[in-house]
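Remember, it's a predicted structure, so these values are computed and weren't measured experimentally.
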Amino acid sequence: YRVICVSTHHFALLYPPIPCLHITTLLDSCIFFFFFFVSCVFFFFLILRRPPRSTQSRSSAASDVYKRQVYHDGQFDDSRMAITLALTAIDKGGVCLNYMKVNCLLKDSAGKINGVHAVDTLDGKEYQIKSKVVVNATGVFVDDVMKMDECDTRRKVRPSQGVHLVVDSKFLGGRSALMIPKTKDGRVLFGVPWHGKVVLGTTDTPLNEASLEPRALEEEVDFILDQAGQYLDRKPTRADVLSIFAGLRPLAAPTHADSKKTKEISRNHKIYRSKSGLLTITGGKWTTYRAMAEDVINQAIVIGGLSPAECVTKNLRVHGYTKEQFDENDWNYVYGSDASKIQKMIEKEPSFAEKLYEGYTFTAAHVVWAAREEFAQNIEDVLARRVRMLFLDARAALKIAPKVASVLAAELGKDKTWEQAQIADFNRLARGYISVSYTHLRAHETRHDLVCRLLLEKKKKKKKIDMVTFRAT
């Protein structure tokens, strides 16, 4: 997609590059300097000319823009990418398991790691899995696994929280992304088109502890709304936020533990090898994931005494690769070559074509496909990490949760009790993705306390309270 970078600072005077010409005659010299003079005049006219102020309802910051730069960037969906990589591994003969939790590491008589003790969190069954090499690539939780190996090991990761707000595409006013390189506190802010919506973010807040379900801080939400509102076509409010979500970056911990600035923490990946042979990778980012994996596998070959092999992933076509062009307004585009298989599934069972929610192209077929082919085991798997509805529109996700539970129950062979438990669990999860007004916040009351109290008030009074519109459980 195209990114427009805006700033209220003046341009530095950058001169156009001078062509390297070998001038041999006076005529050549005159022609060269004539064209050089014209190019300089044209360059400074473009650079120094201030854009006219907008006559529409833009904020003062947007109308005071002195410079704009345009560049192109790539875009992806992190969850869909992870699933695609898992499917690619399976295509190549690998075995992938989800909901399998490692409780401890297994070691031989010499103290070398030779496997893991794991439990299936869905049915409680325990397993001992033997292996020549164990790789600890657990993101912000690598320290927990390393402590299973050496309880006194030093922290290798410093989590950094990034918050995103999702709003309607009308706020961006176009298909180009927006980058604000310097906000009031020096951070970068983006507004990026994503699955028909706009993602605003992100923040960069250092944390001391990691959690499975990080939540946005109120100051982070306020910061994004305030700063983005100064540049967007329309200024969004809390009422306009469709979903709020937070993620944790597994930044490699600084050498000085008291560091508070995440910009001082390396974004590069680091690999550690313990005395017992545990191979740990920390840091890094999606941009370099393939190189990170190559580095780890090269070391794993040495540790496990495996036969050396040349890495082939640099040019490997991942699962679903196709040259076919898809309409990005239809959710089928994320499946690549699997889209045709989903369509054939609908032809065999026309009821699968039913749309889950008005205004979105998600269908029952996508739920079935998630259960059959993408390891989905519950509502959260489907609505959060397969079709992304929870991240695009949390209120809509709440409304279709019962329908998704029904489809999943039929696929997984579950009963009504399971369905009701699933709906209740998902409702509790989804509340954290919905923006609420804090005008009713009482002293010493947390966001969770407020949400629960407003739900009870809504149930008693049977009327809409402020912005709380989700289903009561």
Side-chain angles (χ1 to χ4, degrees), residues 73-79 81-82 85 102 134-165 179-190 192 194 199-221 223-224 227 244-274 278-300 385 391 432:
D73 206 340
Q75 185 182 57
F76 85 129
D77 182 313
D78 56 346
S79 179
M81 181 65 170
L85 292 178
V102 172
V134 174
V135 176
N136 175 18
T138 52
V140 292
F141 302 104
V142 294
D143 289 326
D144 296 337
V145 177
M146 294 185 77
K147 288 185 182 297
M148 294 180 187
D149 180 32
E150 299 176 0
C151 60
D152 58 347
T153 186
R154 184 177 62 84
R155 286 180 60 185
K156 299 297 190 297
V157 163
R158 178 72 179 277
S160 171
Q161 176 162 292
V163 170
H164 299 80
L165 310 183
M179 184 185 82
I180 305 167
K182 191 173 183 181
T183 55
K184 65 181 181 182
D185 68 351
R187 290 185 286 192
V188 174
L189 196 70
F190 284 90
V192 180
W194 190 64
V199 177
L200 304 177
T202 178
T203 55
D204 200 5
T205 306
L207 301 178
N208 292 321
E209 300 293 337
S211 62
L212 284 172
E213 192 62 45
R215 296 299 189 192
L217 303 175
E218 291 313 305
E219 53 267 31
E220 293 177 307
V221 176
F223 168 80
I224 293 174
Q227 294 297 289
I244 300 174
F245 61 93
L248 299 180
R249 306 177 186 91
L251 304 184
T255 54
H256 48 295
D258 294 333
S259 176
K260 298 293 184 181
K261 298 180 180 178
T262 55
K263 68 180 181 180
E264 297 175 359
I265 305 176
S266 173
R267 258 66 172 175
N268 296 326
H269 68 276
K270 295 181 180 180
I271 298 177
Y272 301 92
R273 177 181 174 180
S274 71
L278 178 65
L279 194 58
T280 298
I281 181 168
T282 70
K285 48 194 174 182
W286 270 110
T287 312
T288 58
Y289 86 91
R290 195 210 60 81
M292 293 167 61
E294 182 177 352
D295 290 346
V296 169
I297 295 301
N298 286 340
Q299 293 206 30
R385 287 176 285 276
F391 289 80

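Residues satisfying the salt bridge (charged side-chain N to carboxylate O under 4.0 Å, His left out) criterion with Glu150, sequence neighbours excluded, are absent altogether. When the side-chain contact (heavy atoms from CB on, under 4.5 Å) test is applied to Ala137, the partners found at least two apart in sequence or on another chain are Val135, Ile281. In this structure, Thr282 has no side-chain hydrogen bond (donor to acceptor under 3.5 Å, both in side chains) partners at least two apart in sequence or on a different chain. Glu294 meets the side-chain hydrogen bond (donor to acceptor under 3.5 Å, both in side chains) test with Arg290; sequence neighbours excluded. When the ring pair (Phe, Tyr, Trp, His ring centres under 6.0 Å) test is applied to Phe245, the partners found at least two apart in sequence or on another chain are His164, Phe391. With sequence neighbours left out, Lys285 forms a salt bridge (charged side-chain N to carboxylate O under 4.0 Å, His left out) with no residue at all. Judged as a salt bridge (charged side-chain N to carboxylate O under 4.0 Å, His left out), and not counting sequence neighbours, the contacts of Arg385 are Glu380, Asp381. Considering only residues two or more places apart in sequence or on other chains, Lys184 meets the side-chain contact (heavy atoms from CB on, under 4.5 Å) condition with Phe223, Asp226, Gln227. Legend: residues meeting salt bridge (charged side-chain N to carboxylate O under 4.0 Å, His left out) with Asp149, ordered by chain and number and at least two apart, are Lys107. Taking the side-chain hydrogen bond (donor to acceptor under 3.5 Å, both in side chains) definition, one finds that Glu220 meets it with Gln161, Thr203, Thr205, sequence neighbours left out. Partners of Asp78 by side-chain hydrogen bond (donor to acceptor under 3.5 Å, both in side chains), not counting sequence neighbours, listed by chain and number: Arg388. Residues meeting the ring pair (Phe, Tyr, Trp, His ring centres under 6.0 Å) test with Phe76, sequence neighbours left out: Trp286.
Between Lys147 and Thr153, the shortest heavy-atom contact is NZ-O, 3.5 Å. Summarising the geometry of Ala216 relative to Ala246, their closest heavy-atom pair is N-CB, 4.1 Å, with the distance given to 0.1 Å. Among all heavy-atom pairs drawn from Arg158 and Pro206, the shortest one is NH2-CB, 3.7 Å. Between Asp143 and Val157, the shortest heavy-atom distance links the atoms OD2-N, 3.3 Å.
Here the CD atom belonging to Gln299 is positioned 10.5 Å from the CD1 atom belonging to Ile297, to the nearest 0.5 angstrom. Here the straight-line distance linking atom NE2 of His269 with atom OG1 of Thr288 works out to 6.5 Å at 0.5 Å rounding. Here Ile244 contributes atom CD1 and Leu217 contributes atom CG; the two are 11.0 Å apart, rounded to the nearest 0.5 Å. For the atom pair Leu165 CG and Ile224 CD1, the distance stands at 4.0 Å (nearest 0.5 Å).
Put simply, the side chain of Val145 does not reach to within 4.5 Å of the side chain of Thr280, judged on heavy atoms. Residues Tyr272 and Leu278 have side chains not in contact (no heavy-atom distance under 4.5 Å, counting atoms from C-beta outward). Between Leu248 and Leu207 the shortest side-chain heavy-atom distance falls below 4.5 Å. Residues Leu279 and Ile271 meet the side-chain proximity criterion, which asks for heavy atoms closer than 4.5 Å.
If you check the side chains of Thr138 and Asn136, you find a donor sitting under 3.5 Å from an acceptor.
Checking side-chain atoms of Lys156 against main-chain N and O of Arg154 turns up a donor-acceptor pair under 3.5 Å. Between the side chain of Thr202 and the backbone N or O of Val163, at least one donor-acceptor pair lies under 3.5 Å.
Heavy-atom neighbours of Glu213 CD from other residues, nucleotides or ligands within 6.0 Å: above the threshold of 12.
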